[in-house]
Amino acid sequence: MQFKHPEILYALLLLLIPIIIHLFQLRRFQKVAFTNVEFLKKATLQTRKSSQVKKWLVLLTRLVALACIILAFAQPFTASKTALNSEKETVIYIDNSFSMEAKGSNGPMLKRSLQQLYDHLEGEENISWFTNDVTKKGVSITDFKNEVLSIDYSPMQLSLEAILLKAEQLFSQSNTAEKRLVIISDFQDNGSFPEVPKNIKIEAVKTKPVTVNNLSIDTAFVLRKSVENTQLQVVVSAEGEWPESVPVSLWNDERLVAKTAVDLSNTASNSITFDIENPENLKGKITLTDAHLQYDNNLFFSINLPEKIKVLSINEGEAGFLQKLFDNEKYAYKQQNFNQLNYSDLPSQNFVVLNELKQIPKSLITALKAFEENGGSLLVIPSKEAEINTYNNLLNTLQIGQFQQLSTSEKKITKIHFSHPLYEEVFEKQVTNFQYPTVQSFFEITHQASKVLELEDGSPFLLQKGNNYIATAAFSRENSNFKNSPLIVPSLINMAQQSLPLPNLYYEIGQNNTFAVPVKLGQDEILTVEDSLSSFIPLQQTKANSVAITTTEVPTYAGNFTVNRKEDRLQLVSYNNPRNESRLRYLDPKNWEGTTSYNSVEKVFEAIAKSNHINSLWKWFVIFAVLFLIIELCILKFFK
């Protein structure tokens, strides 16, 4: 028991006063002569004893009543250490990811949790709260209740490590404050439980779906493509219990194009194929019907008119392999001899190849520098007879490095950097039984670039820095069989493709997405991305022949969008929610060491209120004081 005003307890010393008065109040009995004293002796002794007992009982009741009154004024109470701590900080994390869209026992798990928060969160202190896409620090309970019911689903999902890190940023730096983090989530399985910080108490509220059934459209990609027809393959997967056959529809904007069914009788994942005729400028949408999670029942995609990538090769070496790669409908390929080079063609190109020039004059270096600064991509294939000084002038200008001497020892090209953007989608696995191409000679180089291909001694064969690629050996038949290697196709084709990264079928919301729009903008002109509901201005970089667009935080919802210059529609682009929440598999926070687990928001706030409750006792002492005063009156009146 503790006291709110312990200094009042000094008044208990006043209890000594009635005790002292009682002890020194010695009454003398007067002797009265009587003829038969012996007859009254017994009655006299009984009266004296009864009087003394009555006085002691009256004294005792008065002392207890007075003590109770003093203790009541001192305001005694009982409470835990948590309740006594005046520094309390509460941070609430609300998981509003799409997996919280699943049905719980009382409706969608997110909406039910929000309603319970609204009903049971009380108090006068400020709190901080955050979701996967919104953060609010130090707001009142009233302000929180004004916003909590309007929280909507988000395509983002924070990991448990990210939740703890963000919560620590919202807490103060105080070492004495009691810090409580309330996590309201379904705890979808996306990793193991992190270690809980020692200064934070975590209350985990696990929401539980009634079923774990779900159908989802995982992805779509172009299987085959011709001038008049495109085969689109769509992958559908299932969780829990699912029907044997699921109908899937293909739409172009609001028009139904095709409908078929995917067979899931023997497997949880299968694919179907749609044949799309004349698919240019297609605002595509693939749909299925599922009563559980809704966000993954649609997949948006778009197919634009094919834009030709402009490729220019400047040749002094044999150029037949370049013509085989680029002289088709996907590219606007042009080749020129070095002695007849038209410098005015350079600025309009996307990808330029210097094919075994013996020297690179300063005028060409200046033109290539301007070309590179305007976003162009360059591949330098040196000649075996190259004048190193002129090449080094170009490499220094591009800040790549310097050629050293020519090494004439035969080497194999043995190491492929599979994680490099040129090859990351080329190989299904890392190849070890590869028939390695060879070079008869190569230039040693000091460089500040990343290696793409390496020789067997670790020397670079192909380097990349920014949009520029440098080979260290000639591709001629006398010097290398690299042109006959399977590596030549993905290497050069992907260089050209990445020089003008046209939009994919679709992008994922929340990722760093970059694509190019082949358009020349005038001064002060900008591009906008919009649909029927909203529009936004993306991050964009204007280049000579295109505009590089980057999107990260916007858009915030899935759909088909158009890239516009004022009123002109230039290109289609589509965005979809990531599919990582379609797998309904969960962690159990009871296994998270250092946390307390609850199965509802109501119970966690009941526990918090109980731990913060202060049990005041002063009313009981007032009752006791009155009770003992009544006892005193009864003693005085009825005790004989």
Side-chain angles (χ1 to χ4, degrees), residues 97-104 108-109 153 155 157 186 188-190 209-280 282-303 425-429 504-509 557-560 572 574-586:
S97 60
F98 284 118
S99 63
M100 292 287 287
E101 195 177 43
K103 300 292 190 300
M109 296 190 298
Y153 298 101
Q157 184 184 42
D186 58 355
Q188 195 171 37
D189 188 358
N190 57 6
V210 175
T211 66
V212 290
N213 302 333
N214 185 43
L215 293 171
S216 66
I217 303 174
D218 288 348
T219 186
F221 55 90
V222 175
L223 188 63
R224 294 182 184 86
K225 188 174 183 179
S226 64
V227 177
E228 297 180 352
N229 184 275
T230 295
Q231 281 191 340
L232 185 72
Q233 189 158 355
V234 181
V235 179
V236 177
S237 64
E239 285 281 318
E241 299 178 359
W242 60 86
E244 293 184 355
S245 179
V246 178
V248 180
S249 302
L250 172 64
W251 300 78
N252 182 5
D253 206 358
E254 300 299 326
R255 181 173 62 88
L256 181 63
V257 176
K259 190 170 186 178
T260 186
V262 58
D263 183 14
L264 297 176
S265 58
N266 298 317
T267 179
S269 179
N270 206 347
S271 61
I272 53 175
T273 302
F274 290 102
D275 290 324
I276 308 173
E277 296 181 358
N278 301 318
E280 289 83 4
L282 175 67
K283 282 186 174 183
K285 182 174 70 170
I286 305 164
T287 64
L288 57 76
T289 302
D290 178 29
H292 301 96
L293 293 186
Q294 301 297 311
Y295 87 98
D296 53 8
N297 295 348
N298 300 322
L299 184 80
F300 298 91
F301 69 95
S302 54
I303 300 177
E425 296 182 0
V426 173
F427 300 94
E428 293 183 357
K429 60 181 181 179
N504 298 335
L505 274 180
Y506 64 88
Y507 295 96
E508 282 193 357
I509 294 173
Y557 57 90
N560 291 318
L572 299 174
S574 299
Y575 291 88
N576 286 291
N577 297 307
R579 293 310 200 246
N580 54 344
E581 293 189 66
S582 298
R583 304 292 178 261
L584 302 182
R585 298 164 191 172
Y586 305 99

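Index from 1, following the sequence.
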Contact between N270 and V236 at the side-chain level, heavy atoms closer than 4.5 Å - yes or no? no

Point-to-point distance, once rounded to the nearest 0.5 Å, from CG of N190 to CG of N580: 8.0 Å

What heavy-atom pair brings D186 and S99 nearest, and what distance separates the two atoms? OD2-OG, 2.7 Å

How many angstroms lie between CG in N577 and CG in L299, if you round to the nearest 0.5 Å? 10.0 Å

Restricting to non-hydrogen atoms, name the atom on R579 and the atom on D218 that form the minimum distance, rounded to 0.1 Å. CG-O, 3.6 Å

Can you name the one residue among L572, L232, D253, I276 that meets side-chain contact (heavy atoms from CB on, under 4.5 Å) with L282? I276

Can you tell me how far the OG atom of S249 sits from the CG atom of L256, to the nearest 0.5 Å? 5.5 Å

Atom OG of S302 and atom OH of Y507: how far apart are they, to the nearest 0.5 Å? 8.5 Å

Side-chain heavy atoms of P209 within contact of K103, under 4.5 Å: no

Whether Y295 side chain and S582 backbone form a donor-acceptor pair below 3.5 Å: yes

Check whether any side-chain N or O of D296 sits under 3.5 Å from a backbone N or O of I217 as a donor-acceptor pair, and report yes or no. no

On a heavy-atom basis, which atom in D263 and which in E244 lie closest, and how many Å separate them? OD1-O, 3.4 Å

Determine yes or no for a side-chain-to-main-chain donor-acceptor pair under 3.5 angstrom, with N252 supplying the side chain and V257 the backbone. no

For residues Q231 and T273, is any side-chain donor paired with an opposing acceptor at under 3.5 Å? no

Hey, can you tell me if Y153 and F98 have their rings parallel, tilted or perpendicular (30° and 60° cut-offs)? parallel

Polar side-chain atom of T267 near backbone of S269 as donor-acceptor pair, under 3.5 Å: yes

CZ/F301 to CD1/I286 distance, rounded to the nearest 0.5 angstrom? 5.0 Å

In terms of heavy-atom contacts, G104 and M109 come closest through N-CG, 3.8 Å

Would a distance-only check, ignoring hydrogens and angles, find a side-chain to backbone donor-acceptor pair under 3.5 Å from Q294 to D290? yes

Determine whether I303 and L505 satisfy the following criterion, side chain to side chain contact (heavy atoms under 4.5 Å, CB included), listing intermediate values before the conclusion. CA-CA 6 Å; I303 300 177; L505 274 180; 3.8 Å; yes

Backbone N or O of G240 within a donor-acceptor pair of the N213 side chain at under 3.5 Å? no

Is it the case that the side chain of E581 and the backbone of M100 share a donor-acceptor pair, with hydrogens and angles ignored and the cut-off at 3.5 Å? no

If we count only N and O atoms by modelled type, under 3.5 Å, do the side chains of N560 and S574 hold a donor and an acceptor together? yes

I need the T211 OG1 to E239 CD distance, nearest 0.5 Å. 11.5 Å

Keeping the roles fixed (side chain from N576, backbone from F300), state whether a donor-acceptor pair exists under 3.5 Å. yes

Looking only at heavy atoms, the pair that brings I509 and P155 closest together is CG2-CG, 3.7 Å

Counting C-beta onward and ignoring hydrogens, is there a side-chain heavy-atom pair between Q188 and L584 closer than 4.5 Å? yes

How close do L288 and P247 get, heavy atom to heavy atom, and via which atoms? CB-O, 3.6 Å

